[in-house]
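Attaching a single structure in structure tokens format; questions to follow.
Chain identifiers are assigned alphabetically (A, B, ...) following the order of the sequence lines, protein sequences preceding nucleic acid strands; residue numbering begins at 1 within each chain.
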Amino acid sequence: MAVPSLRGRLMRMIMLVVPLVWLVATGLSGYAAWHEVNELYDNQQRLFARQLLYSTPAIARPVAPPGPGSDAVDGMALALWDAHGELMLHDGEGLNLSPHPGFSGFLTLEAEGKQWRVYYLSANARTVAVAMERKERWEVVRGLLAAQWLPWLLMVPVLLILLWRSVARGLAPLERVREELQHRTPDDPTPLSRAVPSELTPLIDGMNGLIARGAEMLSRERRFTADAAHELRTPLAALRVQAEVAQLSTTTQARQHALGQLTLGIDRATRLTEQLLALSRLDPLQTPAHLAPLRWQAIAARALEEARRVAAEHGIGVELQQSVPDAEVLPLSGDETLVGLLLRNLLDNAIRYSPDGATVTLVLAADHVAVRDTGPGISAEWLERVRERFFRPPGQSQPGSGLGLSIVERVAELHGLALQLENHPEGGLVARLVRA
Amino acid sequence: MRILLIEDDDMIADGLKAGLGQLGFVVDWFRDGKSGLAALSGAPFDAVILDLGLPGLDGMEVLAAWRRAGRSEPVLILTARDALPERLKGLDAGADDYLVKPFALAEVAARLRALIRRRHGQSGPLYQHGALSFDPVARRATLSGQPLELTARELALLELLLVSKGRVLTRELIEEKLYGWGQELDSNAVEVHVHHLRKKLGTAFIKTVRGIGYTLGGS
């Protein structure tokens, strides 16, 4: 769903609310004006009636109403009756006021479609009526309201323009951010400028976090790809050269040798590719995909079964040494597939670098899980460096990708574990996983 | 032609050794920089194939050490590092050529031949001597246009004599050029090859310099 623009939303709201507020304000002020005008004119009518009643001689004769063109006031009418109800004075505008002897007060009359407000005053046996057309009062109120409306109406466009511009100015930092984002390369790690309205700083901070994480991931992947490309070239070169040798060979023996090397080379390239894929899948993970309490016993059993198959070819024994009941082995929540991969890599390494006939032990304990071999160990010089990706200590006769320990470390890291490598005092290497 | 190969990957080295052997080279292989560094003075190598990513002593350091010591053997660098700065660094450090893995065996051989040819001041691809013509790529020799039936060792000896025109080669040098380390050879192997070549090319083709060795006869 499209979210309307802030500016449009603001403008629409103002266009809706301002007239509404004006309407209510006008209604209120109209009401107040109407009240005041009524009071004013009522008082005038009252005053006028009193003056008329007391200033007219008691024996006044009936007078004819003034003809058209006289100075009669529009919308006003008056009448004076004597004690007998005889009309003595009349300026009626066609309004036929009837006498109400002895009545004093206001009445509303309707005549010829016009509404009149009439004030009767009876005193000294005479009655006077002063009428005023209601419309007259309305016009006054309308005039008052119009005087109020006009400046408002003139100000509306000005207000809208000012608002439009101030909103535009307020949103300018957003536009700057947009432009900055549009022109930025995906691997640019520099954070966005925080010179934005305070409402936007959480957004910018969030984006900066994302940028930093993205840049870090990208640089890690780039490094990985560069390393991987470099490392893939060697087995490929070996494959190519052996294939060419096989083609060139004139003797069956030489060809058989080259073909044998080719098979070994394919195995090596396959393993490297698998390790690379495993690592590239592990790399972007923040947490293991599936979390469940780890059943070390079951994971170890599967890893051992696989390891024993390979170990048997070299007469290497693989043993499980468990010092605590199943449930008490390094309690941890994690992904069994990944932990299985970790154990397989550790066992694979141990078997690979153990002399024929040696023993590899998988230890399951309450506070650690370890794989121990009886091989030559790793010289102190390389003990830390072997964790580096693609690093292989010099003088290796065993094929390897240099990625096994990287995979182990990555899985361990995902599970809050740390990998400790040390040479056992009695010989061999111990790879131990403990809580980080 | 005897080649010194310094490469830490067993499978590549094994392939290069076998493949270049098929193409008429004798290859001695060392797995790390330290032993490779010393090996150059151990035998009369015609060219070196040097891997850069070596354990212990890096290939670039090996090369620099040789050049500092005044060794002028042509060096072909073979590496997985393909970035331009790396290539420039290698060439500037005194390498004569540069090949990035994976490479074609034929190209390695061709570049080695070109390096060796240039070293002996020869620019054409064919070696000529009188009526004899030798093609080091096809490993074929013809005498007056007639193809000659020569064994691999005879071809190697012929090539050696052709590139060393005007020089007297001792029996030891010929042995060292024709056989790598660890290859079995009879005490009179060189004499046997010389004898066979003379039978096929004419006695005057190889001159015996008494007490010293052999050299190419006058054309």
Side-chain angles (χ1 to χ4, degrees), chain A residues 222-223 225-272 378-379 381-382 385-386 388 390-402, chain B residues 5-25 27 29-36 49 51-59 61-62 76-83 85-86 99-110 137-139 151-152 155:
Chain A
R222 198 167 282 172
R223 212 164 47 235
T225 316
D227 286 350
H230 179 262
E231 292 304 316
L232 279 168
R233 284 206 168 97
T234 302
L236 285 179
L239 288 180
R240 166 140 207 184
V241 76
Q242 292 292 351
E244 285 182 86
V245 169
Q247 284 172 339
L248 278 173
S249 295
T250 45
T251 65
T252 319
Q253 197 197 352
R255 190 162 35 248
Q256 286 305 326
H257 175 76
L259 289 175
Q261 291 280 39
L262 206 50
T263 311
L264 279 179
I266 290 168
D267 286 346
R268 177 168 74 154
T270 308
R271 187 178 152 77
L272 175 60
I378 301 176
S379 77
E381 189 184 351
W382 310 121
R385 286 205 66 194
V386 288
E388 289 174 23
F390 301 111
F391 179 82
R392 304 193 65 223
Q396 295 294 308
S397 53
Q398 286 295 324
S401 60
Chain B
L5 167 65
I6 308 178
E7 163 67 66
D8 69 329
D9 189 88
D10 290 17
M11 203 172 286
I12 291 177
D14 176 89
L16 278 176
K17 216 176 153 182
L20 291 176
Q22 292 284 337
L23 296 170
F25 295 91
V27 179
W29 166 36
F30 291 88
R31 203 184 258 117
D32 62 291
K34 247 178 220 146
S35 54
I49 300 176
D51 180 26
L52 286 188
L54 291 171
L57 194 59
D58 189 77
E61 295 169 55
V62 173
L76 168 62
I77 284 180
L78 211 56
T79 180
R81 303 177 195 164
D82 68 337
E86 291 281 349
L99 260 181
V100 174
K101 294 175 183 175
F103 47 82
L105 188 58
E107 190 177 1
V108 177
V137 180
R139 306 213 65 73
T151 67
L155 279 169

Examine whether an atom of B:Val100 lies under 4.5 Å from a heavy atom of chain A, and if so say whether it belongs to the side chain, the backbone or both; otherwise answer neither. side chain

Look only at the side chain of A:Gln242 and the backbone of B:Met11, and say whether a donor-acceptor pair between them is shorter than 3.5 Å. yes

Largest heavy-atom contact set with chain B, pairs under 4.5 Å, which of A:Leu239, A:Leu236, A:Leu248: A:Leu248

Looking at every heavy atom in both B:Leu16 and A:Val241, which two are closest together, and how far apart are they? N-CG2, 3.9 Å

Under 4.5 Å from a heavy atom of chain A, the part of B:Leu23 involved: side chain

Measure across A:Val245 and B:Ala18 and return the closest heavy-atom pair with its distance rounded to 0.1 Å. CG1-CB, 3.7 Å

Measure the spacing between CD of A:Glu244 and CD of B:Glu107 and express it to the nearest 0.5 Å. 10.0 Å

Go through the atoms of B:Ala104 and report whether side chain, backbone, both or neither lie under 4.5 Å from a heavy atom of chain A. both

For A:Arg255, which residues count as a side-chain hydrogen bond (donor to acceptor under 3.5 Å, both in side chains) partner, sequence neighbours excluded? none

Of B:Asp9, B:Asp51, B:Thr79, which is the lone residue that meets side chain to side chain contact (heavy atoms under 4.5 Å, CB included) with A:Thr234? B:Asp9

CD1 of B:Ile12 to CZ of A:Arg240: how many Å apart, nearest 0.5 Å? 12.5 Å

Should the pair B:Asp10-A:Arg268 be classified as a salt bridge under the 4.0 Å nitrogen-to-oxygen rule? no

Tell me which donor-acceptor pairs under 3.5 Å the side chains of residues 258-267 of chain A have, and how far apart each pair is, sequence neighbours excluded?
unit_1   : atom_1 : unit_2   : atom_2 : d
A:Gln261 : NE2    : B:Asp14  : OD1    : 3.4
A:Gln261 : NE2    : B:Asp14  : OD2    : 3.0
A:Thr263 : OG1    : A:Leu259 : O      : 2.9

